Structure formats: structure tokens, C-alpha cells
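Structure first, commentary second.
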Amino acid sequence: MMLKPKTAWKEAAWIFGLSRLAILLSIYLAVTFLPITPPGSPVMFRGPLKCSYTLTCFLLSGWRWDAVHYVTIAHDGYTLTPLTAFFPLFPLLIRGVGFLLGGSVMADYAAGLIIANACFYSALVLFHHLVSKDFGHNVAKYALIYLAFAFYGIFFFIGYSESLFLLLTLAAFLFLHRGKPLDWWLAGLCGLLVALTRPTGIVLIAAFLALFVQRFGLRTLLTRENWWRKLNAFLSIVLIPAGLLIYILYQWRVLGNPWLFTIGQARIGQRFLAFPWVGFITAIQLFISGGSVVSLTDTVFTLVPLVALIMGWKLLPLHYRVYSLTTILFVLCEPSQKDGLLSVPRFLLVVFPIFILFAIWSKYRRILYYLMIPSVIFFVIHTMLLASYSWVA
């Protein structure tokens, strides 16, 4: 049955509104009842603002960690090497919206919140369209709920690039799903923008290739049949690495080093290339030796999408499987010397097929409770922890 276009907007609206209400209430409880202890201001960026009153703490609850980095880049540019770890599209949008709001640091901070939430609502709408076409309305509804109330869903609210990344990725998949000649180029353009948002965006190439093979068939891939359609689709894939190339050229021309972002990543998160299991080993060793709770939670919440993908492998279309697997491997192959799986659960938020699997399994009421209740509980806990300046991901 074909759903009316308004269905996605309405379904996304109440889920979005309910999740934002839960976030605001959780933040209010945190700043009211938990001790707010901002860390000392780091040298490398404009540090978190201290707050003395509940209302101030509430309004500045999104002034945390990477959100501060993005505001710094938007306001001052790439003035310090570590900041080059953060790709330019999101801070460019912050700068544009922040200019309309007055151009101050706090205007850029507000712009980050506005952009993140506008992108997330739009992502929910596209997600509903995408899932309902392949899996039906009920699965789409539950997938939206799981996404909005994800364990680390707070990062779709504050001024981080996760919402923008997810929106552009879903848009690319939606265009690929339609599959018309122009749609391949529109999907490629979205891929270019994704690659300008986070380095992980480059893995969309694998999903493109998987769908390309699916669409045209492996046996007829090298035949003359529909050769111009095949060439059109294949050439559009070039747009994805072009996004990364644009940032590399910018660093070369303006900052003098085309690979500066790799140095920035090494300094910000102490990241390095390694086998995908190295991060797990480091995190487990840190937990055993020092009882690090963060290492334990990072390990658990990294295993959740990995185990879910393995269990639900056959339930997903090939291009979803390829996208999920390559994204997870890409992230795991850049562990942190500091904490093994540092921020990995947050990076995996954009692996949207995992939420489709949760929704498919939720047709069984018992499994629904086992998935939904922990998701909402940790959604609230992580929101409150972040509001009180505790490290989350």
C-alpha cells in the first residue's frame, strides 16, 4: 500500500517532538540536581563556558567538547592544527546561520543547535520514506523511534555533525533507491557533501558499487546492454571522493599541508590506523587495569550494532549490509591510543540499518521491551551525564 507523503512528516513530527521534550526534561533535571563541574579551559580552543545559575546551565548544556570545536572553526577558522580533524561543511553552515543571528560566538552556538535539530527532523522524514518502501509502515515507525531514542541520541540534538551526516547519507540512499539517471548524480552530490562532513563519508563508495552491481546485474555488467546507463551510474561515484579531495586541496592551498587533517585527528583523539580488534583489546585492558567505566560502556555499545548486524545480516538488502559493515570497519580501524574505542559508539549512530533491524525484531513484543526500555533508559542517562559535563562519547 502506497503511503501518502504527509504520513512521513506527521510520523516524524511526533517522534521528533517527544524525543526533544525528553532531552530538555533530562537536561533540566541534570542541571538542577547534579553537580555541574566544567573542566578547565583547554589551550587549543575556546573552552566550555562556566555557569552559575540553573537557567544559564540549561541554555549552555550543548556547549560541550566537539560542539565547541565546531563553533571555534565557524567563528575563527582553522587557526589551530588539531581543529583540522573536523571537516568543513558543518562549521560552514554554522557560520552562515550564525551570521544571520548576529555573528557572535553565542550566535554560532545557537546556529549549531538549530542546524543539528533541523537536519535530524529532516533525516527522520527521509528515513520513514526509505524504510516504508522496503519494509512497510510499522517497521518504519519503530525504526524512527529507535533512532530518535538511540543510546547516544543526545548527539542528534547538540551542535555535532551527526545529524547532518545522517541526513545527507539517507538522501543519497533515497536517490539510489529511485535509480533514475539523474538520481545517480544527485546521490553522488549527497555523497560529496557527506565526505565534506566527516571522513567516514568516503565509505559510501562501497554502498554505491554494491547497488550498481545489484541494479545492472553481475553477469551483464560488461555487456553493451544499457551501456550508457551503466556509464552514467558509474561516473557519478566519482563525486564521493571529490568531497575529500576538495578538503585536501583547501588544506594544501590555504594551510600549506594537504594531510593536515590526519595530524589533527592524531592530536585530538590520538587516533592511528590499526586492525579492527585493536580498539577492543585496548579498551578491555584499560577497564581491567584501571576500572575505567567509559572503556566498558564504549565496548558494550560498540558491540551492540556489530552483533545486531551479524544476527540480522540476511534481513537487510545488500547495499545496506555493505554500508553498515564498511562503516563499522572504517571506524574500528582508527582506534584511540587514549581509550581504545573513544567516541566509537557515537560514530556508529549513523549506521541506520541497525535501527531497521531493531524495528523488524520488534514485531515480537518481548523483544520490543528488551530493546526499547534499555534504549530509552540510556538515552536519558547519557543526556544527563553530558549536561553535567561528564564524558559520554
Side-chain angles (χ1 to χ4, degrees), residues 120 123-124 126-135 139-140 142-153 155-156 161-177 187 190-191 194-195 197-215 237 240 275-277 279-280 298-335 341 343-362 367 371 375 393:
F120 186 62
L124 288 176
L126 295 189
F127 195 33
H128 189 283
H129 275 300
L130 201 60
V131 179
S132 60
K133 288 177 183 294
D134 291 329
F135 301 95
V139 173
Y142 280 116
L144 260 64
I145 295 172
Y146 280 116
L147 178 62
F149 290 92
F151 298 124
Y152 292 89
F155 293 105
F156 290 133
S161 63
E162 270 68 20
S163 294
L164 177 63
F165 186 101
L166 180 63
L167 173 62
L168 293 169
T169 301
L170 289 170
F173 275 99
L174 201 58
F175 285 125
L176 289 173
H177 192 280
C190 290
V194 170
T197 304
R198 297 189 73 93
T200 323
I202 200 71
V203 304
L204 272 178
I205 293 175
F208 261 67
L209 291 173
L211 200 58
F212 178 80
V213 172
Q214 273 186 302
R215 188 67 51 85
I237 300 174
I240 301 173
F275 291 109
W277 54 82
F280 285 106
D298 283 346
T299 303
V300 171
F301 290 114
T302 298
L303 284 172
V304 168
L306 187 58
V307 172
L309 181 61
I310 294 170
M311 292 177 63
W313 183 258
K314 293 184 179 181
L315 298 175
L316 295 171
L318 176 63
H319 55 293
Y320 284 174
R321 284 181 264 166
V322 170
Y323 170 72
S324 301
L325 182 60
T326 52
T327 301
I328 291 173
L329 289 177
F330 184 95
V331 171
L332 289 178
C333 286
E334 285 192 319
L341 299 172
S343 299
V344 168
R346 170 167 63 86
F347 295 156
L348 298 183
L349 269 177
V350 298
V351 186
F352 65 87
I354 302 302
F355 301 104
I356 298 176
L357 290 175
F358 289 169
I360 293 172
W361 293 328
S362 292
I367 296 179
L371 291 174
S375 183

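Fair warning: this is a prediction, and the values are worked out from it, not measured in the lab. Numbers here are sequence positions counted from 1.
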Side-chain contact, heavy-atom cut-off 4.5 Å: Leu316 with Leu309?
yes
Looking at every non-hydrogen atom in both residues, tell me the closest pair between Trp361 and Ala308 and how far apart they are.
CH2-O, 3.5 Å
Side chains of Phe347 and Ile328 in contact at under 4.5 Å (non-hydrogen atoms):
no
Can you label the angle between the Tyr146 ring and the Tyr142 ring as parallel, tilted or perpendicular, going by 30° and 60°?
tilted
Considering only heavy atoms from C-beta outward, does the side chain of Phe173 approach that of His319 to under 4.5 Å?
yes
side-chain contact (heavy atoms from CB on, under 4.5 Å) between Ile356 and Phe127: does it pass, once the steps are laid out?
CA-CA 10 Å; Ile356 298 176; Phe127 195 33; 3.8 Å; yes
Tell me, with the steps shown, if Ile367 and Phe358 meet side-chain contact (heavy atoms from CB on, under 4.5 Å).
CA-CA 9 Å; Ile367 296 179; Phe358 289 169; over 6 Å; no
Would you indicate whether the side-chain heavy atoms of Leu332 and Phe275 approach each other to under 4.5 Å?
no
Give me the atom names and distance for the closest heavy-atom approach of Lys133 to His129.
CG-O, 3.1 Å
Please give me the minimum heavy-atom distance between Ser343 and Asp298, naming the atom from each residue.
N-OD2, 4.4 Å
From CD1 (Ile310) to CG (Leu357), nearest 0.5 Å
11.5 Å
Quick check for you: to the nearest 0.5 Å, what is the distance between Leu130 atom CG and Phe135 atom CZ?
8.5 Å
So is Arg346 actually on top of Phe155's ring, under 6.0 Å and inside 45° of the axis?
yes
What I'd like to find out is whether the side chain of Ile202 reaches to under 4.5 Å of the side chain of Phe330, using heavy atoms alone.
yes
Exercise: identify the closest heavy-atom pair between Ala172 and Leu204
CB-CD1, 4.5 Å
Less than 4.5 Å apart, side chain to side chain, heavy atoms only: is that true for Phe151 and Ser375?
yes
For Leu349 and Leu147 the tightest heavy-atom approach is O-CD1, 4.4 Å
As a quick check of understanding, evaluate side-chain contact (heavy atoms from CB on, under 4.5 Å) for Thr200 and Val350, giving each step before the final call.
CA-CA 10 Å; Thr200 323; Val350 298; 5.6 Å; no
Supply the atom-to-atom distance Leu315 CG to Tyr320 OH, rounded to the nearest 0.5 angstrom.
13.5 Å
Test item: Leu144 and Phe355 side chains (from C-beta on) under 4.5 Å apart, heavy atoms
no
Is there side-chain contact between Val351 and Leu348, with heavy atoms separated by less than 4.5 Å?
yes
Has the side chain of Thr302 got a donor or acceptor atom that lies under 3.5 Å from a matching backbone atom of Val344?
no
To the nearest 0.5 Å, what is the distance between OG1 on Thr326 and OH on Tyr323?
8.0 Å
Is a side-chain donor or acceptor of Arg215 paired with a backbone partner of Leu176 at a separation under 3.5 angstrom?
yes
Let me see the working for Arg198 and Glu162 under side-chain contact (heavy atoms from CB on, under 4.5 Å), right down to the final yes or no.
CA-CA 9 Å; Arg198 297 189 73 93; Glu162 270 68 20; 3.3 Å; yes
Quick one: pull up CD1 in Ile354 and OG in Ser324 and give me the separation to the nearest 0.5 Å.
5.0 Å
Between Pro276 and Phe280, which heavy-atom pair has the shortest distance, and what is it?
O-CD1, 3.8 Å
